[in-house]
**Q** 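Below is one structure. I have some questions about it.
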Amino acid sequence: MESLEADFRSFADMGVEAVELELTTLDLMVGGRVVPERAERLIALTRQFDFRHTVHGVVSSNLRPGGLRYQIDAAKALVEFAIGSMRSLVQHSGLFADQVFDGPGFEEREREAVFELAEFCKP
């Protein structure tokens, strides 16, 4: 958080109007849930600056069968925080270079998971 505050001050000095936050690097979530005390600290920090904020969704989603439910639940928790506190969220699918496709049906599971998340976001 301390380095984020320094970054925000630097951005403000540059005249930046909008920032996208990668919240998973701030230890905001533990076990797929947002930690309220950490969220409150982040919200207090963001209110000190006149930026528009966008939250970047869970990047490390690999949508493998063993962790699929956990990944979707973690993404939903982040959605609830982002929409409620920051007003917008960017979530997309994708893989890191070293991730391995999990055999047949991977792309279909990925589509279904992203669709489930989109349906969750509708309201």
Side-chain angles (χ1 to χ4, degrees):
M1 282 293 190
E2 291 77 22
S3 65
L4 182 60
E5 182 174 1
D7 289 342
F8 278 5
R9 291 195 189 293
S10 177
F11 296 158
D13 291 345
M14 286 187 270
V16 169
E17 297 177 2
V19 295
E20 182 169 283
L21 303 171
E22 168 59 74
L23 299 182
T24 55
T25 63
L26 298 177
D27 294 329
L28 182 75
M29 297 180 68
V30 174
R33 294 188 177 96
V34 174
V35 178
E37 298 81 22
R38 295 176 186 174
E40 290 167 10
R41 186 172 174 206
L42 175 62
I43 292 166
L45 176 60
T46 61
R47 288 186 176 151
Q48 294 177 34
F49 299 89
D50 193 27
F51 302 133
R52 289 186 312 278
H53 298 94
T54 298
V55 173
H56 196 290
V58 178
V59 175
S60 59
S61 296
N62 60 20
L63 306 177
R64 295 178 68 130
L68 181 59
R69 185 79 264 146
Y70 172 79
Q71 292 290 338
I72 292 172
D73 290 346
K76 286 179 179 180
L78 193 56
V79 163
E80 288 177 331
F81 170 76
I83 301 301
S85 303
M86 304 291 160
R87 310 272 306 148
S88 66
L89 171 84
V90 173
Q91 177 69 49
H92 54 81
S93 60
L95 296 171
F96 289 112
D98 61 345
Q99 285 180 320
V100 178
F101 284 101
D102 192 23
F106 176 85
E107 290 179 351
E108 181 62 26
R109 280 193 311 278
E110 183 178 44
R111 278 191 297 275
E112 289 171 0
V114 172
F115 181 76
E116 180 179 336
L117 187 58
E119 288 295 304
F120 178 80
C121 292
K122 271 187 178 179

**Q** Under the side-chain contact (heavy atoms from CB on, under 4.5 Å) rule, collect the residues that match up with L26, sequence neighbours excluded.
**A**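 Partners of L26 under the side-chain contact (heavy atoms from CB on, under 4.5 Å) test: L4, L23, L42.
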**Q** Does V55 belong to the same Ile/Leu/Val/Met/Phe/Trp/Tyr cluster as M1, with side-chain heavy atoms less than 4.5 Å apart forming each link?
**A**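 Yes; M1 is reachable from V55 via cluster members.
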**Q** What's the spacing between L89 CG and L117 CG if we round to 0.5 Å?
**A** 7.5 Å
**Q** Under a 4.0 Å threshold between the charged nitrogen and the carboxylate oxygen, would R41 count as salt-bridged to E2?
**A** yes
**Q** Can you tell me how the ring of F51 sits relative to the ring of F8, calling it parallel under 30°, perpendicular over 60° and tilted otherwise?
**A** perpendicular
**Q** For E119, does the CD atom have more than 12 heavy-atom neighbours from other residues, nucleotides or ligands under 6.0 Å away?
**A**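 Buried by this count: over 12 neighbours within 6.0 Å.
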**Q** Please report the shortest heavy-atom distance between R38 and D27, naming the atom on each side.
**A** NH1-O, 2.7 Å
**Q** Compare every heavy atom of A77 with every heavy atom of M29, then report the nearest pair and how far apart it is.
**A** CE-CB, 4.0 Å
**Q** Considering residues, nucleotides and ligands other than D50, do more than 12 of their heavy atoms fall under 6.0 Å from its CG?
**A** no
**Q** Same cluster for V90 and F81 if Ile/Leu/Val/Met/Phe/Trp/Tyr side chains link at under 4.5 Å?
**A** no
**Q** The criterion is side chain to side chain donor-acceptor pair (under 3.5 Å); which residues satisfy it with E108, sequence neighbours excluded?
**A** R111
**Q** Run the salt bridge (charged side-chain N to carboxylate O under 4.0 Å, His left out) check on K76 and E80 step by step: do they pass?
**A** CA-CA 6 Å; K76 286 179 179 180; E80 288 177 331; over 6 Å; no
**Q** Is there a path of hydrophobic side-chain contacts, each under 4.5 Å between heavy atoms of I, L, V, M, F, W or Y residues, that connects I43 with L45?
**A** yes
**Q** Look up atom OG1 in T46 and atom CZ in R52, then write down how far apart they are to the nearest 0.5 Å.
**A** 14.5 Å
**Q** How close do T54 and S88 get, counting heavy atoms only, and between which atoms?
**A**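 That closest heavy-atom pairing would be OG1-OG, 3.2 Å.
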**Q** For D73, check salt bridge (Lys or Arg N to Asp or Glu O under 4.0 Å) against everything at least two apart and list the hits.
**A** R69
**Q** Hydrophobic clusters here meaning ILVMFWY residues chained together by side-chain heavy-atom distances under 4.5 Å, can you tell me if F115 and F120 are in one?
**A** no
